[in-house]
Amino acid sequence: RYFCKITGISPLFACIGNLGDVILGYDTVAEYVNGTAYFGGLIGRVANRIANARFTLDGKAYRLVPNDGNNTLHGGHRGFDKVVWTVKEHVAGGSSPFITLYYHSFDGEQGFPGDVDVHVKYQLSGPHELSVRMNATARGKATPVNLAHHAYWNLGGHGSGSVLGEEVRLFASRYTPVDAALIPTGHLAPVAGTPYDFRTPAAVGSRIGGLLSRGVNGYDINYVVDGGGLRPVAVVRDGASGRAMELWADQPGVQFYTANGLSGVRGKGGKVYGRYGALCLETQGFPDAVNRPSFPSQIVRPGKVYMHHMVFKFSF
Ligand SMILES: *[C@@H]1O[C@H](CO)[C@@H](O)[C@H](O)[C@H]1NC(C)=O
Ligand SMILES: *[C@@H]1O[C@H](CO)[C@@H](O)[C@H](O)[C@H]1NC(C)=O
Ligand SMILES: *[C@@H]1O[C@H](CO)[C@@H](O)[C@H](O)[C@H]1NC(C)=O
């Protein structure tokens, strides 16, 4: 699994691991614009679902764009993943190259109140480490903000088939149960004794039968991440390739999604992606928090800043 050679300069072993492209995606911008799976998207203004495409804030009712049955999903029909961002700064060389993208979301966009300035900085922050830092500043009006990075991971390589054999560990003792439309019921339930229990590492597919027998076609659920601050959220390991990924983040929750909705999607290099062909670990606030006062608030007041930090650490 490791390919090592003695370098000519010093008697050190230079080891090159088992490199591969582990993210699903497309070859062209046009396909991203047309796509419906949110491949690699930066999701907003509010990631995840808002029940019945509406909410009330400071006594005022807001109507959003329903794009998932009666609900709003991932910001509406034209969320942040479908808009054109400005490259604010980029440094290609050096030890920690980065790119910073900027988007100005206008008052009333997809029904949301107030102007919002959004930044996301993708940086290679250490050896084999990717950092994603997002921030959003509300201008003029209070608004919900809940951003998410929606990469589809397959550590066996994109297009290599199902991830059900990859091993996952989730640092979460509770989850937010949902109704048939994937809207949280409002309570936080223990994962113990349910198919959602990944507190110890287990194959992604090891407990999926418990969902399928109830007519649920895979994982698409928000976990309450244990602890607070920047902390471990998940570890994914692919035995066949020897690759592993650790995710740290500072958000209350993580949506664990096993690409249940993918079917025959033609992606990079002609690879075809199907159901369970990837998994997503979307750190964020809880779904429908804007209608659930008991959930951590996602309201950003004028002049205040929303912040979200993720770190992916790879070994191979
Ligand atoms: C656009 O997406 C649809 C499916 O959502 C697909 O059938 C079609 O081929 C895509 N078109 C392009 C240009 O990618
Ligand atoms: C949408 O809401 C209407 C009215 O409440 C209801 O009749 C319908 O079944 C809902 N549709 C879905 C897909 O949940
Ligand atoms: C938001 O992120 C951008 C880009 O990294 C940075 O320049 C800016 O200072 C950040 N804003 C705040 C309020 O932290």
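Note that ligands are numbered from 1 as they come in the structure, with each ligand's atoms numbered from 1 the same way.
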Tell me whether the NZ or CZ atom of K271 lies within the 45° cone about the ring axis of Y273 and under 6.0 Å from its centre.
no

Quick one: which residue pairs count as a salt bridge (charged side-chain N to carboxylate O under 4.0 Å, His left out) with a foot in residues 128-155, not counting sequence neighbours?
D107-K141, D117-R139

Give every pair made of an N or O atom of ligand 3 and a protein N or O atom lying under 3.5 Å apart, one pair per line with both atom names and the distance to 0.1 Å, or write 'none'.
residue: ligand 3; atom: 2 (O); partner: N135; partner atom: ND2; Å: 2.3
residue: ligand 3; atom: 11 (N); partner: N135; partner atom: ND2; Å: 3.0

Which pairs, with at least one residue in residues 188-197 and sequence neighbours excluded, count as a salt bridge (charged side-chain N to carboxylate O under 4.0 Å, His left out)?
D197-R199

Has H77 got more than 12 heavy atoms of other residues, nucleotides or ligands less than 6.0 Å from its NE2?
no

Y26 meets the side chain to side chain donor-acceptor pair (under 3.5 Å) criterion, sequence neighbours left out, with none

Establish, yes or no, whether the cationic atom of R207 lies under 6.0 Å from the six-membered ring centre of F198 and within 45° of the ring axis.
yes

I need the atoms of ligand 2 closer than 4.0 Å to a non-hydrogen atom of N70, numbered in the order shown.
1 (C), 2 (O), 3 (C), 8 (C), 10 (C), 11 (N), 12 (C), 14 (O)

